[in-house]
Amino acid sequence: MVADTQNDGARNPRPDARPPKAAKAAKKRKDPKTLNPAADDPVARIAVDIPLAHLDRPFDYLVPERLAAQARPGVRVRVRFAGQLTDGFVLERADVSEHQGRLSYLERVVSPEPVLTPEIAGLARAVADRYAGTLADVLRLAIPPRHAATETASATKTTRAAAGPGPRPEPGPWDRYPAGRAFLDAVSGSRPARAAWTALPGMTWPEEIARAAATCASARRGTVIVVPDARDLALVDEALTRLSNISNTGNISNDSSGDIRPAGHITLTAELGPAERYRRWLAALRGEVLIVAGTRAAMFAPVRDLGLVVLWDDGDDLHAEPRAPYSNAREVLALRAHRAGAAALIGGFARTAELAQLVRSGWARELKPGRATLRRTAPLIKAAADDAELARDEAAKTARLPSLALRTARAALTAGPVLVQVPRRGYLAAIACERCRAQARCATCGGPLRLAGPDATPDCQWCGAKAVGWHCPRCGHDKIRALVTGAARTAEELGRAFPGVTVRTSGGDMVIPRVRDEAALVIATPGAEPVGSYAAALLLDGWALLGRPSLRAAEEALRRWLAAAALVRPGGTVLVHADAGLPAVQALIRWDPAGFAERELDDRAQLGFPPAVRMAAITGESAAVASLLTDVTPGFEVLGPVPAERSGGSGETEQVRALIRAPRDQGMALARALHAAQAARSARKNGGSVRVQLDPAEVI
């Protein structure tokens with residue numbers, strides 16, 4: 001745990017093989033004997049930015065006397081590590097080191113700004129341990145890159161504390177929940193209430209989040225709010241700004257001099273750019289704001305005196321970090337609230353099995369509306385192929401646009417816009433031979449073919465190759481039929497069925513933010529539904545969502561349906577095109593996401609899948625995966641390896657995937673075993689890359 005390049009063989013196993021440039025640089029440096037260590041706490045424990053698992057520990061360095069005042073805990077530093085200058089953070093200062101050999105000196109302090117707070121340092125270590133990752137990987141997610149000009153400009157101005165706490169706002173829409181006022185009382189009293197929130201239909205959820213955050217701010221405590229994407233963040237930002245006059249807090253903005261005015265909340269997104277994002281992040285670090293709202297990266301926002309964490313729509317896959325150690329915002333915020341003794345508000349219109357597990361374990365309590373209130377605010381939901389409709393129209397079960405859907409849309413258009421949710425983008429997302437019905441596939445890589453438009457040439461979804469002059473290899477026929485219809489083809493069909501009615505599409509790179517309250521057909525893919533007050537909603541191709549080869553197919557389908565149905569005004573109609581007897585469809589009709597999540601949790605417990613157990617997915621080249629599995633401590637169940645699913649391309653290295661399963665009470669033991677196995681591989685410098693994901697979103 002030291003920075004002695006001569007005595008630490010793991011860090012520098014061949015000191016005599018130092019590169020020529022490094023050797024010359026070493027000669028130019030001063031002899032360490034000529035430097036004097038700091039008089040007080042001369043040892044600095046450094047988290048060095050090295051992502052190798054076998055080096056995932058602090059290293060001790062001596063603090064030279066000239067840097068004694070600057071090398072405070074939390075600051076960025078540069079140190080000499082195995083002959084190379086490397087970034088790091090000071091974790092703490094100490095009087096003595098446990099290492100018996102010679103210690104190297106810090107090279108320099110990059111900035112006197114203590115950007116790594118003790119709370120975030122502890123949280124980062126806990127997240128790394130939970131996901132079998134390294135501290136360096138988590139700190140890269142938690143702390144944005146330094147923008148020197150922004151930091152220098154901010155340092156020349158007077159740092160001001162956030163505006164004083166305003167009066168506690170009224171509960172407002174929280175009074176519609178039986179436990180809503182009690183939850184706000186707990187937040188105001190700085191008690192660690194943890195709520196699994198089932199939100200009422202409609203667009204009041206941003207205001208409810210804003211009032212909870214303002215309540216926390218009135219107690220002079222900070223709030224971190226995490227939402228899936230920029231569209232949701234804009235809604236929360238608007239709600240916080242509207243409430244600012246009540247809570248006596250306002251949004252951070254620029255005055256004519258470019259200074260930051262004291263305010264109550266900021267937003268953090270990747271689209272801000274490095275300078276503006278770092279500027280706002282510093283405002284939170286310095287206590288100039290009490291509320292930080294943002295997308296996934298905001299879960300590590302350094303707010304002071306954290307009193308509340310909020311996560312909206314915890315089932316959205318955007319909350320899963322795609323970079324090592326592959327953490328999930330739900331788990332990170334729950335861990336952060338637990339460590340900080342803060343309140344937590346996690347939920348949405350739907351509920352995941354993971355959140356149901358938190359309720360069942362006693363960590364969180366239910367926060368949901370009463371049935372009478374729900375009936376007044378929810379639309380009427382029914383299946384397009386129920387018994388009554390099948391008696392009237394035998395094709396209701398097989399037709400993509402049954403007569404009930406057309407009748408529902410026609411009647412609703414007299415009162416306002418109609419939302420049509422289609423699971424796939426494009427024109428024809430999958431095609432087949434018109435004669436023998438065999439799916440059309442690419443002759444180059446075997447990927448599925450699609451059609452981008454009515455006059456387009458079929459192309460491959462994997463490699464993009466054009467299938468000019470396509471003929472079915474089975475029967476020789478050259479005509480195609482649709483297997484999966486996309487949003488563009490749906491808009492074309494509805495445009496013919498409703499001449500004179502405006503048809504708008506939303507999805508992909510063309511997402512419409514809002515729609516006006518006028519007659520129009522709005523065709524949208526899941527997650528791209530424009531905000532509005534719809535008279536009706538048609539949820540088409542339910543089989544495409546329910547039939548995905550995923551453990552979470554039904555859970556994800558219900559989440560998508562509830563999000564669309566929540567936009568329909570009370571008294572409106574929602575028609576779902578799926579089998580009425582399926583559990584997900586029944587949960588939608590009853591608006592019972594909590595009951596569905598409980599059932600999912602029970603099913604997964606019987607099958608031995610997360611969150612009832614902890615599971616790790618090991619993906620990589622066959623030899624590398626086998627090597628890692630041999631190093632994992634015996635006692636865990638190993639499934640596989642099996643060939644990993646390919647996303648396309650013929651030149652890819654063959655990958656395999658293995659699953660390791662452990663009971664929940666042995667989850668940390670599994671994480672430690674995986675970390676130790678990765679450390680052994682990196683110490684031996686084994687070839688081949690291996691990706692280790694604990695509790696991945698997809699396990700099949």
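Quick note: residue numbers are just sequence positions, from 1.
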Quiz prompt | Residue R664 excluded, over 12 heavy atoms near CZ under 6.0 Å | solution = yes
Practice problem: Take C433 and W470, measure what side-chain contact (heavy atoms from CB on, under 4.5 Å) needs, and give me the verdict at the end. | Solution: CA-CA 10 Å; C433 174; W470 178 86; 4.0 Å; yes
Quiz item: For R604 and P610, which heavy atoms make the closest approach, and how far apart are they?
Solution: CD-O, 2.9 Å
Quiz item: What about the rings of W174 and W197, do their centers lie closer together than 6.0 Å?
Solution: yes
Quiz item: Are the side chain of T619 and the backbone of R691 linked by a donor-acceptor contact shorter than 3.5 Å?
Solution: no
Exercise. Nearest 0.5 Å please: distance from the CD1 atom of I346 over to the CD atom of E354.
Key: 11.5 Å
Quiz item: How about Y177 and L200: do any of their side-chain heavy atoms sit closer than 4.5 Å?
Solution: yes
Self-check item: Reported CG-to-OG1 distance for the pair L240 and T267, which is rounded to 0.5 angstrom
Solution: 9.5 Å
Exercise. Would you indicate whether the side-chain heavy atoms of E434 and C472 approach each other to under 4.5 Å?
Key: no
Quiz item: With a 4.5 Å heavy-atom cut-off, do T573 and V568 have their side chains touching?
Solution: no
Quiz prompt | Side-chain donor or acceptor of T352 paired with backbone N/O of L355 under 3.5 Å | solution = yes
Self-check item: Atom CZ of R516 with >12 non-hydrogen neighbours under 6.0 angstrom
Solution: no
Quiz item: Any side-chain donor paired with an acceptor under 3.5 Å for E698 and S550?
Solution: yes
Quiz item: Thinking salt bridges, do R424 and D541 make one under a 4.0 Å N-O criterion?
Solution: no
Exercise. Please report the shortest heavy-atom distance between G464 and D459, naming the atom on each side.
Key: O-CB, 4.2 Å
Exercise. For this output row, return yes or no: ring centroids of F349 and W312 closer than 6.0 angstrom.
Key: yes
Practice problem: Give a yes or no on this: more than 12 heavy atoms of other residues, nucleotides or ligands lie within 6.0 Å of atom CZ of R176. | Solution: yes
Quiz item: How about V359 and R365: do any of their side-chain heavy atoms sit closer than 4.5 Å?
Solution: no
Quiz item: Between Q421 and W561, is there a donor-acceptor pair closer than 3.5 Å when you use the side chain of the first and the backbone of the second?
Solution: no
Self-check item: Pairwise side-chain contact, V522 with V418, heavy-atom cut-off 4.5 Å (strictly under)
Solution: no
Quiz prompt | Any donor-acceptor N/O pair, R330 side chain to D314 backbone, under 3.5 Å | solution = yes
Exercise. Before giving the answer on salt bridge (Lys or Arg N to Asp or Glu O under 4.0 Å), spell out for R211 and E208 the whole-Å C-alpha distance, their side-chain angles and the decisive distance to 0.1 Å.
Key: CA-CA 5 Å; R211 288 183 179 273; E208 290 160 359; over 6 Å; no
Quiz item: Checking side-chain contact (heavy atoms from CB on, under 4.5 Å) for the pair N328/E321: CA distance, chi angles, key distance, verdict?
Solution: CA-CA 6 Å; N328 187 286; E321 177 58 54; over 6 Å; no
Quiz item: Any ion pair linking D517 and R569 (charged N to carboxylate O, less than 4.0 Å)?
Solution: yes
Practice problem: Report yes or no: does R231 contribute a side-chain atom to a donor-acceptor pair with the main-chain N or O of E529 at less than 3.5 Å? | Solution: yes
Exercise. Look up atom CZ in F609 and atom CD in E600, then write down how far apart they are to the nearest 0.5 Å.
Key: 11.5 Å
Self-check item: Test side-chain contact (heavy atoms from CB on, under 4.5 Å) applied to T198 and L367, step by step
Solution: CA-CA 6 Å; T198 302; L367 180 53; over 6 Å; no
Self-check item: Distance-only side-chain donor-acceptor flag, S403 / R407, under 3.5 Å
Solution: yes
Quiz item: Taking all non-hydrogen atoms of both residues, which atom of A415 and which atom of A535 are closest, and how far apart?
Solution: CB-CB, 4.2 Å
Practice problem: Grab the two heavy atoms, one from V585 and one from A578, that are nearest each other, plus how far apart they are. | Solution: CG2-CB, 3.7 Å
Quiz item: For the side-chain contact (heavy atoms from CB on, under 4.5 Å) test, which of L538, I523, T505 pairs with V422?
Solution: I523
Quiz item: If you round to the nearest 0.5 Å, how far is CG of L243 from CD1 of I209?
Solution: 12.5 Å
Exercise. Keeping the roles fixed (side chain from R336, backbone from M299), state whether a donor-acceptor pair exists under 3.5 Å.
Key: yes
Quiz item: Short question: side chain of T295, backbone of D229 - any donor-acceptor pair under 3.5 Å?
Solution: no
Quiz item: Can you name the nearest heavy-atom pair linking W591 to A565, along with the distance?
Solution: CZ3-CB, 3.7 Å
Quiz prompt | Residues E238 and R514 bridged, charged N to O under 4.0 Å | solution = yes
Exercise. Measure the shortest side-chain to side-chain distance between L639 and R661 over non-hydrogen atoms and say whether it is less than 4.5 angstrom.
Key: yes
Quiz item: Is atom CZ of R360 surrounded by more than 12 heavy atoms (other residues, nucleotides or ligands) closer than 6.0 Å?
Solution: yes
Practice problem: List the steps and the verdict of side-chain contact (heavy atoms from CB on, under 4.5 Å) for T490 and L540. | Solution: CA-CA 10 Å; T490 304; L540 301 183; 4.1 Å; yes
Quiz item: Does R657 reach the main-chain N or O of P643 with its side chain, forming a donor-acceptor pair under 3.5 Å?
Solution: no
Quiz item: Taking 4.0 angstrom as the limit, do E366 and R351 come out as a salt bridge?
Solution: yes
Quiz item: Within the distance-only criterion (no hydrogens, no angle test), does the side chain of S361 pair as donor or acceptor with the backbone N or O of Q357 below 3.5 angstrom?
Solution: yes
Quiz item: Are side-chain N/O atoms of H319 and D313 paired as donor and acceptor at under 3.5 Å?
Solution: no
Exercise. Mind checking the NE2-CG spacing from H577 to L404? Nearest 0.5 Å is all I need.
Key: 9.5 Å
Self-check item: Interatomic distance, L333 atom CG to L311 atom CG [nearest 0.5 angstrom]
Solution: 5.5 Å
Quiz item: Is there a side-chain contact between L694 and R614, using heavy atoms and a 4.5 Å cut-off?
Solution: yes
Quiz prompt | V292 vs L268 side-chain heavy atoms within contact, under 4.5 Å | solution = yes
Quiz item: What are the two closest non-hydrogen atoms of H265 and T241, and how far apart are they?
Solution: CE1-OG1, 3.6 Å
Quiz prompt | Ionic contact status for E555 with R552, cut-off 4.0 Å | solution = yes
